[in-house]
Amino acid sequence: MSTRGKSKEKTIYVCSSCGRSYAHWMGKCAECEEWNTITEEKIVTRPAGEKRRTTESTEAVSLASQSFDSEESIVTGLKEFDELLGGGLVTDSSILIGGEPGVGKSTLILQACGLLCDRGVASLYLSGEESVQQIALRGRRIGVGSEALKVAAARELPQIYSLINNNNPAVVVIDSVQTLYDPDLESAPGTVSQIRSCCSEIADFCKRSGKILILIGHITKEGAIAGPKILEHLVDVVLYFEGENQNLFRVLRVRKNRFGPASEIGIFEIKQDGLKGVANPSEHFLDEHTDSVPGRAIVTVVEGQRPLLLEIQALAAQTNFGFPQRVASGYDSRRLALMLAILEKREKIPFGQRDVFVNLAGGLRVDDPSLDLGLIAAIISSVEDAPIKSGTAIMGEVGLSGEVRAISYIERRINECLKLGFTHLVVPKRNLRGVKLPEGVNLIGIKRISELADTVLA
């Protein structure tokens with residue numbers, strides 16, 4: 001019997017971690033090297049000779065003819081959130097916010113929706129994980145109860161389209177993308193094909209109808225949005241919510257933003273009535289700083305365009321085992337091993353019989369290389385058992401030969417130090433060129449780490 005004109009069903013195997021497809025099942029993905037992530041999915045292919053469905057015609061326009069009078073952003077009222085987005089929510093945009101379960105994604109977005117509704121912006125919150133009663137209980141706890149905020153428990157695409165058409169909201173929230181389900185696809189909810197297809201359709205639907213779409217997604221243990229990161233190219237803004245469950249602070253980091261600067265961060269503090277933006281995070285991170293304790297140094301980092309003052313702690317102790325430990329919290333452990341090797345080679349400080357522990361106070365994770373000089377100062381302070389001079393802040397990148405290299409945004413870092421009363425600043429010597437020194441600041445430039453101990457130790 002001829003099969004011409006009939007759709008063909010094909011089985012493929014897709015890794016739920018990286019998205020790579022295979023013709024047969026495998027225990028380990030060759031791309032991301034994860035075990036037991038290969039799942040079976042069925043796809044329907046168009047029969048040979050069938051014409052592709054035509055779409056509505058469109059026209060190309062001149063770039064110069066386009067108006068630059070962009071629409072005003074919709075301000076939510078959460079200052080930290082609005083600043084990360086470049087001033088607020090942009091019409092027709094789509095936003096993806098990812099984070100570990102329980103970090104506060106749903107609470108933050110529910111707060112934003114409540115504030116939007118108080119400003120007359122109708123919002124629709126759709127949850128595939130919680131019931132309406134559960135959402136209402138959380139809303140009551142954080143003070144959200146606007147009549148303009150509609151909530152529903154929905155996960156299938158037909159239900160979602162119907163709810164959007166019936167309520168006509170300006171903002172649509174999907175919590176979470178892993179629960180979306182298209183009945184026309186045979187694969188299970190949470191699979192790569194379901195997430196890719198459902199999110200693509202909803203994003204296109206909301207963009208054509210002039211609505212703002214906010215997608216909430218969980219991340220894997222490696223820090224990638226489960227599904228995996230196939231959604232990042234579909235949306236306009238990608239945000240990551242970071243923070244430890246035992247820590248009061250949460251960091252909202254911009255990974256992608258078509259309407260504003262990327263790599264920015266916002267700091268939030270968990271309170272009984274929800275998440276509150278921290279206007280001056282440097283003060284919070286330095287609340288418990290004690291100048292007289294060896295092994296502590298104040299450093300400056302820049303996240304996006306925001307300077308922050310942090311406390312870095314180091315402890316060098318005699319090891320009780322044959323192999324010394326190297327433990328870092330909030331700091332790259334490989335970078336720590338590199339700094340110890342530089343100190344041992346250039347400054348002749350032995351670490352073969354010393355355990356070294358490093359902690360970046362406040363629970364923040366930072367990759368800024370300007371931490372190098374402050375870390376070395378904290379390690380030397382711990383080894384010598386001598387505290388760093390009061391009111392000192394240290395910044396600079398360290399090279400393999402022990403040279404101190406110039407860093408970016410030096411004036412912003414200096415101004416942030418001055419705001420919090422740090423007037424004894426140690427910086428790379430090359431950064432002294434062209435810097436306008438405010439009154440009352442003692443700016444010391446050094447070229448090599450050999451100059452550091454005499455400069456900063458009390």
Side-chain angles (χ1 to χ4, degrees), residues 223 240 242 251 253-255 261-265 267 281-282 285-286 295-314 326-347 349 351 356-382 388 392-417 422 425-435 443-453 455-456:
Y240 282 89
E242 305 170 359
V251 178
R253 192 181 301 272
V254 180
R255 187 66 174 269
S263 302
E264 293 285 352
I265 66 167
I267 311 293
S282 296
F285 290 132
L286 299 181
R296 293 184 175 185
I298 299 300
V299 295
T300 66
V301 299
V302 173
E303 290 289 333
Q305 297 182 3
R306 169 183 281 189
L308 296 174
L309 261 66
L310 303 174
E311 178 186 331
I312 192 165
Q313 304 168 346
R326 305 287 185 256
V327 180
S329 175
Y331 185 79
D332 187 358
S333 57
R334 293 172 296 183
R335 193 78 180 174
L336 170 61
L338 181 62
M339 293 300 107
L340 294 178
I342 293 172
L343 279 173
E344 189 157 7
K345 178 71 175 179
R346 306 301 175 192
E347 299 303 310
I349 301 176
F351 289 99
V356 179
F357 305 90
V358 171
N359 176 49
L360 202 58
L364 197 64
R365 295 195 60 85
V366 179
D367 295 324
D368 191 341
S370 66
L371 283 174
D372 293 349
L373 194 60
L375 171 64
I376 285 182
I379 293 174
I380 294 176
S381 171
S382 179
I388 291 175
T392 300
I394 306 166
M395 59 199 87
E397 181 182 355
V398 176
L400 293 181
S401 63
E403 80 278 12
V404 180
R405 306 177 66 88
I407 56 177
S408 59
Y409 302 110
I410 186 66
E411 292 188 357
R412 293 186 184 181
R413 297 173 193 262
I414 292 174
N415 291 332
E416 185 71 12
C417 292
F422 292 90
L425 309 182
V426 180
V427 302
K429 195 163 189 176
R430 285 187 58 191
N431 279 124
L432 295 178
R433 302 173 186 172
V435 175
L443 200 61
I444 302 175
I446 62 174
K447 294 180 64 176
R448 303 191 62 82
I449 59 174
S450 56
E451 308 168 35
L452 188 59
T455 304
V456 302

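For this chain, numbers begin at 1 and follow the sequence in order.
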If you apply the rule side chain to side chain contact (heavy atoms under 4.5 Å, CB included), what do you find for Leu343 with Ile380, and how did you get there? CA-CA 9 Å; Leu343 279 173; Ile380 294 176; 4.1 Å; yes

Which atom pair, heavy atoms only, marks the closest approach of [X] to [Y]?
X: Ile394; Y: Ala377; value: CD1-CB, 3.5 Å
X: Ile388; Y: Arg296; value: CD1-O, 3.2 Å
X: Gly445; Y: Glu451; value: O-OE1, 4.4 Å
X: Gly295; Y: Ser381; value: N-OG, 2.8 Å
X: Ala378; Y: Ala297; value: CB-CB, 4.1 Å
X: Ser333; Y: Ala328; value: CA-CB, 4.1 Å

Under the side chain to side chain contact (heavy atoms under 4.5 Å, CB included) criterion, do Val302 and Arg412 qualify, and how do the steps go? CA-CA 9 Å; Val302 173; Arg412 293 186 184 181; 5.6 Å; no

Count the heavy atoms belonging to other residues, nucleotides or ligands that lie under 6.0 Å from CZ of Arg405, then report whether that count exceeds 12. no

Evaluate side chain to side chain contact (heavy atoms under 4.5 Å, CB included) for Leu336 paired with Ile379, printing each intermediate quantity in order. CA-CA 10 Å; Leu336 170 61; Ile379 293 174; 4.2 Å; yes

Under the 3.5 angstrom rule, does the side chain of Arg430 hit a backbone N or O of Val404 as a donor-acceptor pair? no

Any [X] side-chain heavy atom under 4.5 Å of [Y] side chain:
X: Arg306; Y: Ile267; result: yes
X: Glu311; Y: Ile298; result: yes
X: Glu303; Y: Val366; result: yes
X: Pro307; Y: Thr300; result: no
X: Arg326; Y: Leu340; result: yes
X: Phe422; Y: Leu286; result: yes
X: Asp372; Y: Met339; result: yes
X: Arg413; Y: Ile407; result: yes

Nearest 0.5 angstrom please: [X] [atom1] to [Y] [atom2], how far?
X: Tyr331; Y: Asp367; atom1: OH; atom2: CG; answer: 9.5 Å
X: Leu400; Y: Leu338; atom1: CG; atom2: CG; answer: 5.5 Å
X: Arg433; Y: Ile410; atom1: CZ; atom2: CD1; answer: 13.0 Å
X: Leu371; Y: Ile312; atom1: CG; atom2: CD1; answer: 5.5 Å
X: Ile444; Y: Lys429; atom1: CD1; atom2: NZ; answer: 11.5 Å
X: Ser370; Y: Leu375; atom1: OG; atom2: CG; answer: 11.5 Å

Would Arg253 and Glu242 satisfy salt bridge (Lys or Arg N to Asp or Glu O under 4.0 Å), going step by step from the backbone distance to the final call? CA-CA 8 Å; Arg253 192 181 301 272; Glu242 305 170 359; 3.0 Å; yes

With distance as the sole criterion, is a donor-acceptor pair present between the side chains of Ser282 and Glu416 under 3.5 Å? yes

Could you check Val456, Leu373, Val427 and say which one makes a side chain to side chain contact (heavy atoms under 4.5 Å, CB included) with Ile446? Leu373

I would like to know whether Cys417 and Leu309 meet side chain to side chain contact (heavy atoms under 4.5 Å, CB included); could you show each step before the answer? CA-CA 7 Å; Cys417 292; Leu309 261 66; 3.9 Å; yes

